[in-house]
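This is a predicted model, so every value here is computed, not measured. Per chain, numbering begins at 1; letters A, B, ... match sequence-line order.
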Amino acid sequence: MIIKAPIDLELTQVSGQTSQPPWKYIDDSYSDLVCIDGEPSIFNVKQTDEYVDFTYTGNVSEKTAIENVKKIYDLDFDLDKFYKYLDSYDELKDMSKFCNGLRLFQAKDPFECIISSICSANNSIKRWTKSIDDMKLKWGRNFNDYYSFPNPSNFKELYLDDDEELLNEGNIKNNNLKSCGVGYRAPYMRKASDIFTLEIDLSDIYKMSYDEAFETILEVPGVGPKVADCILLYGFGFRQAFPSDVWIKRIVSYLYFDGKDIKVEKVREFGMDEFGDYAGYVQLYMFHYARMSGLMDKLKK
DNA sequence: AACCAGGACTCTG
DNA sequence: CAGAGTCCTGGT
């Protein structure tokens with residue numbers, strides 16, 4: 001069925017949001033496994049004019065399926081209103097042209113988002129998405145050749161590297177975290193899964209205020225301010241998060257501070273104060289505007 | 001083949 | 001407390 005909310009699906013898929021890697025792309029449509037209360041379902045989305053054509057298989061009601069696809073692609077967000085907001089500021093008014101139809105790509109599995117976000121730190125989009133896809137293939141459950149992301153209790157049992165696997169198994173079958181190319185992040189990930197099985201209940205995060213959730217998620221090893229904001233934005237829908245890294249710093253500095261070098265921490269505060277509940281979207285649009293408009297190349301020097 | 005990009009963490013002053 | 005150095009991998 002067509003869901004009447006304008007979107008650019010491809011742009012949304014390839015924009016590197018750390019909720020998850022892009023979905024499987026076959027015959028102009030994107031599909032992936034979505035588990036709803038433990039019930040596996042295959043979601044399929046296809047660009048039709050400016051809208052999404054959505055189909056699914058699995059034992060879930062149509063109402064529930066639609067709720068979930070709307071959540072993942074943030075289809076209830078009013079893009080037109082957001083574009084009016086962008087257009088009303090000199091610094092932001094070019095952005096909607098370069099990113100038309102870009103929406104938040106929200107987590108279908110918050111734990112997958114946490115590991116993806118840890119994996120994305122000091123890394124490239126291409127590399128972290130491949131690592132996550134590798135993990136799904138190795139340790140996820142297979143439903144018709146779609147793979148779930150392993151849950152925290154599966155995850156904490158994984159070996160870190162070849163040495164540990166050899167010691168325990170007597171041979172190496174690349175059945176360890178480092179074999180997915182995550183490097184020094186492997187111990188962070190395993191400790192993180194420990195925390196989410198023992199100390200933090202994922203469902204509690206939804207009930208917290210932004211500040212409380214930020215402080216809580218910062219306790220997780222491998223999670224600093226940037227990664228915490230990605231987790232809160234893409235994993236838990238906290239739109240007021242403004243994930244700030246070197247690129248956002250360069251862009252904000254160029255647009256608002258006359259190119260002056262500012263601390264990333266200040267950029268985060270600035271973004272949250274200035275943009276409020278649009279902070280997450282503005283961050284997303286800034287990054288892609290910079291990519292598409294050539295501003296990024298200009299700022300490299 | 002040496003060098004660089006990318007956040008979090010740890011160590012130093 | 002700020003600033004510097006280190007971590008791993010894939011790309012040049």
Let me see the working for A/Phe98 and A/Arg291 under side chain to side chain contact (heavy atoms under 4.5 Å, CB included), right down to the final yes or no. CA-CA 9 Å; A/Phe98 283 94; A/Arg291 275 184 127 182; over 6 Å; no
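Atom OG of residue A/Ser15 and atom CG of residue A/Leu102 lie 5.0 Å apart, to the nearest 0.5 angstrom. A/Asp145 CG to A/Leu33 CG: the interatomic distance, rounded to the nearest 0.5 Å, is 11.5 Å.
With a heavy-atom cut-off of 4.0 Å to chain A, the contacted part of DNA chain C has its first and last nucleotide at C/dG3 to C/dG11.
The nearest whole Å value for the distance from the CD1 atom in A/Ile114 to the C1' atom in B/dA8 is 17 Å. Taking atom CG on A/Leu299 and atom P on B/dG6, their separation rounds to 12 Å, with Å as the unit.
No more than 12 heavy atoms of other residues, nucleotides or ligands lie within 6.0 Å of NZ in A/Lys84, so this atom counts as exposed by the packing criterion. Dense packing is recorded around NZ of A/Lys138, with more than 12 heavy atoms of other residues, nucleotides or ligands lying under 6.0 Å away. The number of heavy-atom neighbours closer than 6.0 Å to CD of A/Gln47, taken from other residues, nucleotides and ligands shown, is above 12.
Side chain to side chain, A/Asp201 and A/Ser203 meet the donor-acceptor criterion of an N or O pair below 3.5 Å. With no hydrogens or angles considered, a side-chain donor-acceptor pair links A/Glu169 and A/Tyr159 at under 3.5 Å.
Residues of residues 246-253 of chain A having a heavy atom closer than 4.0 Å to DNA chain B, listed by number: A/Val246, A/Trp247, A/Arg250. Residues of residues 183-198 of chain A having a heavy atom closer than 4.0 Å to DNA chain C, listed by number: A/Gly183, A/Tyr184. Non-hydrogen atoms lying under 4.0 Å from DNA chain B are contributed by A/Ala121, A/Asn122, A/Asn123, A/Arg127, all within residues 116-133 of chain A.
Taking the six-membered ring where tryptophan is involved, the planes of A/Tyr278 and A/Phe77 are perpendicular, since the angle between them exceeds 60° and thus also 30°.
Here A/Val223 lies in heavy-atom contact (under 4.0 Å) with sugar-phosphate atoms only.
Checked against a 6.0 Å centroid threshold, the rings of A/Tyr206 and A/Phe236 count as neighbours. Between A/Tyr285 and A/Phe82, the distance from one ring center to the other falls under 6.0 angstrom.
Under 4.0 Å is where a charged nitrogen must lie from a carboxylate oxygen, and between A/Lys97 and A/Asp94 no such pair does. Look at A/Lys136 and A/Asp109 and you find no salt bridge, because none of the NZ, NE, NH1 or NH2 atoms lies under 4.0 Å from a carboxylate O. In this structure, A/Lys130 pairs ionically with A/Asp134, as a charged nitrogen and a carboxylate oxygen lie closer than 4.0 Å.
The side-chain hydrogen bond (donor to acceptor under 3.5 Å, both in side chains) analysis of residues 57-76 of chain A, with sequence neighbours excluded, yields the pairs A/Gln13-A/Tyr73, A/Ser61-A/Thr64, A/Lys63-A/Glu67, A/Asp74-A/Arg239, A/Asp74-A/Tyr281.
Bending across the helix from B/dA2-C/dT12 to B/dG13-C/dC1, expressed as the angle between its end axes from five pairs apiece, amounts to 40° (10° rounding).
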